[in-house]
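Data block below; observations after.
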Amino acid sequence: MKYDIVLAGVGGQGGLSVSVVIARAAMAAGLRVKQSEVHGMSQRGGEVLAHLRLGEAEPASPIIPMGAASLILAFEPLEALRYLKWLSPTGTVAASITPIRNIASYPDIGTVLADIRGLPNSILVDAESIGREAGNVRAANIALVGAVSALLPIAPEFLETAIREVFAAKGEKTVALNLRAFSEGRKVRATGR
Amino acid sequence: METIQLLGDEAIARGAIDSGIHAAYGYPGTPSTEIMEHIMETAPKGVTASWCSNEKTAYEAALGSSFAGVRSIVTMKCVGLNVAADPFMNSSVVKIGGGLVVAVADDPGMHSSQNEQDSRFFADFGKIPCLEPADQQEAYDMVREAFDLSERFHVPVMVRVVTRLAHARAGIVARPPRERNVPKKCDSPRDWILMPMNAKRRWHALLSIQGELLAASEESASNRLEKGDCRIGVVTTGLARAYYDENAPDLPAKPARLHIGSYPVPEGKLRALASMVDSILVIEEGSPFVERRLRGILPQSIPILGKLSGALPPEGELNPENVRAALGLPALKLIEAKTLPPPSRPPQLCQGCPHADTYTALNLALAGYEEPVVMSDIGCYTLGALPPYDAIESCVDMGASIGMARGIADAGLGPSVAVIGDSTFYHSGMTPLVDAVSSKANITLVILDNGAVAMTGCQETILPGGALRAVVEGLGVDPAHVRVIEPLPKNLEANAAVFREEVAYGGLSVVIAVRECLESARRGRKS
Ligand code: SF4
């Protein structure tokens, strides 16, 4: 079993903590994990990319081969389109619908969302609203994880435990609202919201 | 023992701690920064872990540890080794006492560096061993091995990693730590006094152990030769192995393979590989270091393929795709989708960054001049080269802005301005400022004092913010022309006026723009 995930977002969105959550859960579930992160110059409001590779055996390459990713998890819709070359023809794109327009040339959001919808397998999530309803808009990232949890080769209990562990340092309130965002996110896929 | 998930950089740090280091020194630089950060966060009591003014001073502190008989690691990025080249090249001539490991993180693909230089050339230049891990576990193990080699052969040993290893996480298993050495002054300082009579003796000693270093490399378990079941040979070095292993299951037959993780280049094993095959493909991250050695100048008996032959791209990183193509495998199928091409999203200064206010004021002050020249340096403020600021015209090497501005003024152009960050100034800006003082250069130096090495993750500047005026005046700049401003939108007009006055002055002036980096302030509040 191999499961490769491209995590895409914009600097400052906190996407790397999602990579940590999924990685922890996967390890707890007995999988081997390799994670690649982008550090340095690219984080100042630019494109942020992380590769997360899960497998029964330790994945060899730190970066996912083009055409191999089972999932692109995009915290921002335009970023979902940036790494399509990495997606396997049978893979899924899951994206938050809220644009971050920090560039003048940001395309029409309707076209961006329509392009994502036009892909063979895609999930669009109003992750920001879920996060806000759960208590903090920053929980949007975890809402998105909830929305794809049925696709991941990891039982949701492991993800919940990982969320508890990763956010523990920030206090019980943060843990609780992220767990809420996660479980609301899980409903999205079921209802196709 | 349990498996722990670490960045390549963190695995190096853990390896150093478990090797019984007394000290770690370095200067932050992507992708090497996390080595020191992890040592700072996790080292036991009694271990000194310290950022230094630059890579050279860091290296020299590590040399002091070695003289005192204790182990130390010095960390830097690829171009940082250029700064430390002087102590580095001479450290192989002295007789190393306590083990000295230099951990260098190269940046093929130039994610955050000015070039793709390959530090293996430096190790070869200095005639010292270099270990090149292929994964996080090897990063840990090889640092430990490097300390053993250093104390066995009395030379520094390099551990070279690249971005994709430094910044990737995987599981490692640590081993029980070693005891630290007891500090003891070197008993033959003659071996450290590199005046010609000693230096010649030591140089001779270095040359005469080269055979032993090669023998150790030939025997090293890191250099593994495996038989194949076809007449194709593959050489992988360091991280290149990961890309080969990723694709190898799809190969119709198993090539004979030599993996190199330990240098000097194991010539005997390469000859043994060549005797089994009809062609050799060399896959290495960085420059074609091994390939060039293999090819030489005269014709070969068998074809040698790699970056020089065009089988792999001569620039940029290796990746699963270009290695796959070099192995003759068809590309994986990609998804067919017609979507708009996403415009790129370049990095930007944070909203409200003090540098933005400094640049806006500087641009305003220079607007009346026909051809102002603004040299700059390396840090977040380099982003001032991009719109909407378009405020600077160079970024070459740490500290270059000041010397270049002086050269430009000497050439008769101007007004000539240099813009440098506080940390870059302490790193390499003070010596060119002394040149500017002594030559009465007609330049205006702008020092951006935000109290942080912001670009690499907000390490503290080596001296606390606010110390710069005294430093600059101490170096001999006329106090009447050392001005301090606070870069805020409300001060725009006043700050532009200060720039106007100092640019018009016609001699050496320094404007220090003091305001804390927002990111650093945010992190400060958090902890
Ligand atoms: S990190 Fe600090 S110095 Fe860098 S852009 Fe942001 S505010 Fe400016």
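Note that the structure is predicted; figures quoted are calculated from it, not measured. So you know, we letter chains A, B, ... as the sequences are listed, proteins then strands, and number each from 1.
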Can you tell me if B:Glu321 uses its side chain to pair, donor with acceptor, with the backbone of A:Met66 under 3.5 Å?
yes
Step-by-step side-chain contact (heavy atoms from CB on, under 4.5 Å) determination, A:Gln35 to B:Leu7
CA-CA 9 Å; A:Gln35 295 157 268; B:Leu7 284 179; over 6 Å; no
Would you mind checking which part of A:Leu119 comes under 4.5 Å of any heavy atom in chain B, side chain (CB onward), backbone (N, CA, C, O), both or neither?
side chain
With sequence neighbours excluded, what pairs up with B:Leu332 under the side chain to side chain contact (heavy atoms under 4.5 Å, CB included) test?
A:Pro65, A:Ala68, B:Arg324
With a strict 4.5 Å heavy-atom criterion, list every residue of residues 52-63 of chain A that contacts chain B, or say none.
A:Arg53, A:Glu58, A:Ala60, A:Ser61, A:Pro62, A:Ile63
Set of side chain to side chain donor-acceptor pair (under 3.5 Å) partners for A:Glu160, sequence neighbours left out:
none
Counting only non-hydrogen atoms closer than 4.5 Å, does A:Ile64 touch chain B with its backbone (N, CA, C, O), its side chain (CB onward), both, or neither?
backbone
Between A:Asn102, A:Leu81, A:Ile116, the one whose heavy-atom pairs under 4.5 Å with chain B are most numerous:
A:Asn102
Heavy-atom pairs under 4.5 Å with chain B - which of A:Gly67, A:Gly118, A:Ala114 has more of them than the others?
A:Gly67
Heavy-atom cut-off 4.5 Å, strictly under: side chain, backbone, both or neither for B:Leu165 against chain A?
neither
Does atom NZ of A:Lys173 have more than 12 heavy-atom neighbours, drawn from other residues, nucleotides or ligands, at distances under 6.0 Å?
no
In terms of heavy-atom proximity below 4.5 Å to chain A, should B:Pro343 be classed as side chain, backbone, both, or neither?
both
Pick one of side chain, backbone, both or neither for B:Gln5, based on which atoms fall under 4.5 Å of a heavy atom in chain A.
side chain
More than 12 heavy atoms from other groups under 6.0 Å of CZ on A:Arg32
no
In terms of heavy-atom proximity below 4.5 Å to chain A, should B:Thr33 be classed as side chain, backbone, both, or neither?
neither
Between the OG1 atom in A:Thr111 and the CG atom in B:Leu340, the distance rounded to the nearest 0.5 Å is 6.5 Å
Checking heavy-atom separations under 4.5 Å from chain B, one finds in residues 1-8 of chain A A:Lys2
Counting C-beta onward and ignoring hydrogens, is there a side-chain heavy-atom pair between A:Glu79 and B:Pro342 closer than 4.5 Å?
no
Side-chain ion pair, B:Arg164 and A:Glu37, N-O less than 4.0 Å:
no
Chain A heavy atoms under 4.5 Å from B:Gln136: which part of the residue, side chain, backbone, both or neither?
side chain
Where do A:Glu47 and B:Ser344 land on the side-chain contact (heavy atoms from CB on, under 4.5 Å) test, with the steps shown first?
CA-CA 8 Å; A:Glu47 303 140 16; B:Ser344 75; 3.6 Å; yes
What distance separates B:Leu334 CG from A:Leu84 CG, expressed to the nearest 0.5 Å?
10.0 Å
Hey, are the side chains of A:Leu78 and B:Arg345 touching, using non-hydrogen atoms and a 4.5 Å cut-off?
yes
Comparing A:Ser19, A:Ser88, A:Pro89 against chain B, the one with the most heavy-atom pairs below 4.5 Å turns out to be A:Pro89
